[in-house]
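What you see below is based on every heavy atom in this structure, not just the backbone, and it leaves out hydrogens, waters and symmetry mates.
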Amino acid sequence: MPSSAPLQPSAPARRVFAWFLAALCAWALAQWLWVRPDSIGASWRECDTQAIARNFHRFGLDLLRPRIDWGGDGPGFVESELPLYTAGVALLLGRFGEAEWPGQLLSLLALCATASALALCTRRRFGNAPAALCGLALLGSQLGVSLSISVMPDASALLCFTLGWLAFLDYADSGRLRSLGLAGAATLLAAWIKAPALQLGVAQFLLLALAHRERLRQPATWLMWGAVLAGAALQLWQARQLYLETGLTFGVLSGGDTKFPHPEHLAMPGLYLDLLGMALRFGPGLVGLAAGAALLWTRRLGAAELALAASYGLGAVVSLRYSHSPDSGAHYHMFGALLGAWWVGKAASVATQRSPAWRGRGVFAGASLGLALMPYLGHALLERDWRREVTSAQTVELARLAAEHSRPGELLVVLSPKPREDPFWRRRNNFEEPTILYLADRRGWVLAADEPLGERLESCRQRGARLFVDGRPASLAPLPPVPGARLLFAGSQGSLWRL
């Protein structure tokens with residue numbers, strides 16, 4: 001196997017870092033001023049995240065008891081991953097008022113920090129210029145563009161994942177226990193924020209098994225992994241207690257909404273073709289996969305590159321139910337975006353080692369433009385188009401009408417477009433549609449599309465529901481969903497009924 005020993009720097013550090021810093025600032029400004037939307041609109045996951053932050057702000061910051069809006073007439077405590085990101089958003093809401101830009105700012109800062117960590121901490125391994133290209137490649141990826149302006153915790157999880165990987169690499173190379181401790185802390189934080197980040201442990205183990213087997217004989221290594229697993233298990237157990245209390249979950253551990261496929265799904269070639277398409281779009285990307293192919297062709301894939309690739313592939317297959325689809329699984333490929341950036345850095349390092357002419361300032365600037373800026377422009381345009389779609393969705397108008405026809409504090413019932421059960425995957429859906437309740441600033445129930453509507457709606461009415469929101473396009477003379485319901489609005493957006 002090719003050696004994964006650190007390579008010597010290939011360009012003056014100060015000059016390269018200044019170039020990287022200028023590119024980073026330009027990217028951040030473009031993201032904030034050009035790509036970032038004024039509103040999250042009907043973005044499903046962002047509405048849930050912002051609603052939890054808003055409830056922290058209004059009802060008190062309790063990390064162990066996050067609240068959602070679709071908890072009916074109860075407190076809304078929900079089983080979820082540890083809401084560290086939403087707690088940070090809530091603190092900013094307390095300082096600046098209820099707005100959506102604080103969450104976007106935290107995500108932007110997290111991506112900037114992740115790219116900077118790659119550029120600074122891989123210099124001894126790749127060289128100065130290739131390390132900077134590694135950071136820029138992450139910024140130019142589709143998920144680098146998307147996550148950095150999203151009100152979601154994924155950018156924070158990616159930052160912790162990256163720090164955990166870089167610190168563990170230092171431990172593998174040097175044996176420093178301080179680096180092992182930092183790796184353990186960052187890995188646990190990443191797993192608390194997003195449970196799929198536990199795949200980092202797979203990458204760490206494979207790295208040692210392939211290139212540093214002596215570290216596997218050190219008790220400290222196993223103690224760190226044990227502590228991470230124990231900490232993650234403890235958080236999942238605590239979150240499950242909320243589910244047992246309220247019956248509300250994001251499908252982290254309970255409720256049947258699992259990401260795992262059934263065995264027969266693993267034998268369906270079409271799902272893997274979909275997964276490959278997702279990897280090209282949201283994971284390593286075309287540039288990252290080309291860099292990986294070049295490393296494979298030149299036999300320069302080292303232990304670190306193989307370990308990251310194996311853990312990403314395993315994570316994508318384990319979460320196949322979501323990771324194969326752009327509708328629900330793009331964020332499951334964020335660790336693939338890191339892999340693509342890593343491959344770009346390593347391929348650039350190999351190129352500078354083979355051809356010293358590539359170390360020049362002009363060549364570095366041109367390579368940066370080709371590998372980061374050009375993909376970024378395409379990805380940014382795609383993101384802008386998608387944001388325009390979700391901010392102008394009919395759901396946004398329906399939520400505005402729901403707010404107009406209800407009083408603050410009134411309970412709503414919303415009909416979800418999703419059924420409770422997914423017939424293909426034979427799993428429960430996370431059907432609780434949060435967008436109308438969040439945008440209307442109301443609380444209430446969400447009913448699955450395949451539930452017996454009349455029976456469930458009558459039950460909600462008896463518990464205090466006063467408005468029913470049906471997002472299906474209304475006919476010219478829609479029938480009352482329950483006896484006595486009064487039609488308030490009917491149109492292409494849906495219908496509103498006073499209960």
Side-chain angles (χ1 to χ4, degrees), residues 40 45-72 74-110 113-114 147 150-164 181-182 184-198 200 227-255 257 331 334 430 432 434 437-438 443:
I40 60 178
R45 293 183 67 234
E46 290 182 272
C47 287
D48 254 333
T49 305
Q50 182 72 13
I52 293 175
R54 186 171 66 186
N55 289 331
F56 275 153
H57 168 61
R58 292 178 178 178
F59 302 115
L61 182 55
D62 186 347
L63 276 175
L64 301 182
R65 300 177 77 81
R67 300 171 183 254
I68 40 77
D69 291 337
W70 36 269
F77 299 133
V78 65
E79 179 192 50
S80 73
E81 291 140 330
L82 194 65
L84 294 172
Y85 166 81
T86 43
V89 176
L91 292 175
L92 291 178
L93 296 186
R95 176 65 178 84
F96 298 102
E98 293 187 2
E100 294 170 349
W101 65 262
Q104 296 169 325
L105 178 62
L106 288 183
S107 294
L108 184 68
L109 293 175
T114 304
L147 296 183
S150 297
V151 184
M152 296 192 299
D154 303 79
S156 301
L158 181 59
L159 171 61
C160 294
F161 185 100
T162 303
L163 294 177
L182 291 174
T187 303
L188 181 57
L189 282 174
W192 276 347
I193 298 171
K194 294 297 297 180
L198 281 171
L200 176 56
V228 169
L229 289 176
L234 180 62
Q235 191 276 323
L236 292 174
W237 175 85
Q238 185 279 327
R240 176 165 169 76
Q241 305 316 299
L242 292 181
Y243 170 75
L244 296 176
E245 176 184 341
T246 66
L248 304 175
T249 180
F250 283 118
V252 177
L253 191 62
S254 308
D257 179 29
H331 56 287
M334 60 181 172
N430 187 3
E432 292 87 354
L437 291 173
Y438 163 72
R443 295 168 51 244

Exercise for review: Please assess Glu98 against Arg58 for the test side-chain contact (heavy atoms from CB on, under 4.5 Å), listing each intermediate value before the final yes or no.
Suggested key: CA-CA 10 Å; Glu98 293 187 2; Arg58 292 178 178 178; 2.9 Å; yes

Exercise for review: Kindly determine whether Leu200 and Val228 satisfy side-chain contact (heavy atoms from CB on, under 4.5 Å), including the steps that lead there.
Suggested key: CA-CA 11 Å; Leu200 176 56; Val228 169; over 6 Å; no

Practice item. Could you check Tyr438 against Ile40 for side-chain contact (heavy atoms from CB on, under 4.5 Å), going step by step and ending with a plain yes or no? Key: CA-CA 11 Å; Tyr438 163 72; Ile40 60 178; 3.8 Å; yes

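The structure places CG of Leu234 at 12.5 Å from CG of Leu229, a figure rounded to the nearest 0.5 Å. Here Lys194 contributes atom NZ and Leu189 contributes atom CG; the two are 15.0 Å apart, rounded to the nearest 0.5 Å. Taking CD1 of Ile68 as the reference point, atom OG1 of Thr246 lies at 7.0 Å (rounded to 0.5 Å). Between atom CG of residue Leu92 and atom CG of residue Leu105 there is a gap of 7.0 Å, rounded to the nearest 0.5 Å. To the nearest 0.5 Å, atom CD1 of residue Ile193 and atom CG of residue Leu188 are 10.0 Å apart.
The backbone N or O of Trp192 sits nowhere less than 3.5 Å from a side-chain atom of Glu81 that would complete a donor-acceptor pair. Distance alone, capped at 3.5 Å, is enough to place a donor-acceptor pair between the Gln241 side chain and the Trp237 backbone. Side-chain N or O atoms of Gln50 include one that pairs as donor or acceptor with a backbone N or O of Ala99 at under 3.5 Å. A donor-acceptor pair is defined here as one N or O able to donate and one able to accept, closer than 3.5 Å; no such pair exists between the side chain of Glu79 and the backbone of Leu242. With Tyr85 contributing its side chain and Leu106 its backbone, the two residues share no donor-acceptor pair below 3.5 Å. With Ser150 contributing its side chain and Met152 its backbone, the two residues share no donor-acceptor pair below 3.5 Å.
Between Arg65 and Glu245, at least one side-chain nitrogen of the basic residue sits less than 4.0 Å from a carboxylate oxygen of the acidic one, meeting the salt-bridge criterion.
Closest of all the heavy-atom pairs between Ala90 and Ala53 is CB-O, 3.5 Å. Taking each heavy atom of Val151 and Thr49 in turn, the nearest pair found is O-CB, 3.2 Å. Of all heavy-atom pairs between Gly71 and Leu248, the closest is CA-CD1, 3.6 Å.
Considering only heavy atoms from C-beta on, Phe250 comes within 4.5 Å of Asn430 through its side chain. Looking at Trp70 and Asp48, their side chains come closer than 4.5 Å, going by heavy atoms from C-beta outward. Here the side chains of Phe77 and Pro66 are not in contact, with every heavy-atom distance at 4.5 Å or above.
Every residue two or more places apart in sequence or in another chain that forms a salt bridge (charged side-chain N to carboxylate O under 4.0 Å, His left out) with Arg54 is listed here: Asp69, Asp441.
Because its NZ or CZ atom is both nearer than 6.0 Å to the ring centre of Phe59 and within 45° of the ring axis, Arg67 counts as a cation-pi partner of that residue.
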List the atom pairs, donor and acceptor, that lie under 3.5 Å between side-chain atoms in residues 153-164 and the rest of the protein, sequence neighbours left out.
from	atom 1	to	atom 2	distance (Å)
Asp154	OD1	Arg45	NH1	3.3
Asp154	OD1	Arg45	NH2	3.2
Thr162	OG1	Leu158	O	2.8

